[in-house]
Chemist: 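If you scroll down you'll find the structure; I have some questions about it.
Only this structure's heavy atoms are used, side chains among them; waters, hydrogens and symmetry mates stay out. When a ligand or atom number is given, it counts from 1 through the structure's own listing order.
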Amino acid sequence: MQAGVIAVQGDVAEHAGAVQAAATAHDEPAEVVEVRDSGVVPDCDVLLMPGGESTTISRLIHREGIATEIREHVASGKPVLATCAGLIVCSRDAKDDRVDPLGLVDVSVDRNAFGRQKDSFEAKLPIEGLESPFHAVFIRAPAIDAVGDGVEVLARVDGRPVAVRDGPVIATAFHPELTDDSRLHDLAFFPEREVIA
Ligand code: GLN
């Protein structure tokens with residue numbers, strides 16, 4: 001498996017380590033590549049969109065021609081795990097002129113919804129498809145405030161969706177790459193395998 005971490009900005013190293021660990025747990029040899037230029041995504045089987053600063057990530061992926069390749073990756077049914085700023089960049093509407101969203105996940109987001117109230121928090125989050133709660137780390141997290149018909153909500157905080165699936169894309173407002181728990185990577189990349197609680 002070739003896993004591409006979109007690496008123009010954000011918590012790239014954490015994502016690279018987390019997907020490597022998930023692949024190892026499944027006995028799947030994985031080569032992790034950091035994507036900073038066009039021409040790399042077409043060779044990737046799975047993609048990770050890190051947290052960071054969505055305005056910067058959006059600007060750079062469009063400038064480098066990576067945005068179109070990410071859209072083509074999803075159009076061909078290949079999986080993506082997008083976290084936090086990655087969710088914002090993948091959304092349909094980020095309600096911020098500085099973000100040109102990819103429209104891969106049919107949701108609109110409120111960029112710093114949780115961040116303004118409290119910069120970071122952690123929660124034991126029940127997630128659809130997982131047998132026990134997930135330790136979810138939220139850092140200046142966005143909230144999802146509208147969800148399209150084809151979107152499956154996997155988890156909520158205070159009634160607001162924080163993890164969703166839209167076709168081959170799983171997007172979370174929190175950071176699964178910051179914990180040792182690879183069950184969200186399993187849901188995104190190894191869905192045919194039984195998920196172990
Ligand atoms: N709120 C940040 C943004 O708008 C995202 C924060 C994060 O990725 N941890 O880009």
Chemist: Do the side chains of Glu53 and Arg111 get close enough for a salt bridge, i.e. N-O under 4.0 angstrom?
Modeler: yes
Chemist: For Val107 and Leu87, run side-chain contact (heavy atoms from CB on, under 4.5 Å): C-alpha distance rounded to whole Å, both residues' side-chain angles, the deciding distance at 0.1 Å, then the answer.
Modeler: CA-CA 9 Å; Val107 298; Leu87 156 66; 4.2 Å; yes
Chemist: Go through the steps for Lys95 and Asp145 under the test side-chain contact (heavy atoms from CB on, under 4.5 Å), then give the verdict.
Modeler: CA-CA 11 Å; Lys95 293 179 289 188; Asp145 54 16; 2.2 Å; yes
Chemist: Collect the protein residues that have a non-hydrogen atom under 4.0 Å from ligand 1 and hand them over in chain and number order.
Modeler: Gly51, Gly52, Glu53, Ser54, Cys84, Ala85, Ile88, Arg111, Asn112, Ile139, Arg140, His175
Chemist: Is it true that Asp96 and Arg98 make a salt bridge, defined as a side-chain N closer than 4.0 Å to a carboxylate O?
Modeler: yes
Chemist: So, taking the atom named CZ in Arg140 and the one named OG in Ser54, what distance separates them when rounded to the nearest 0.5 Å?
Modeler: 8.5 Å
Chemist: Measure from the side-chain N and O atoms of Glu128 to the backbone N and O of Val153, and report whether any donor-acceptor pair falls under 3.5 Å.
Modeler: no
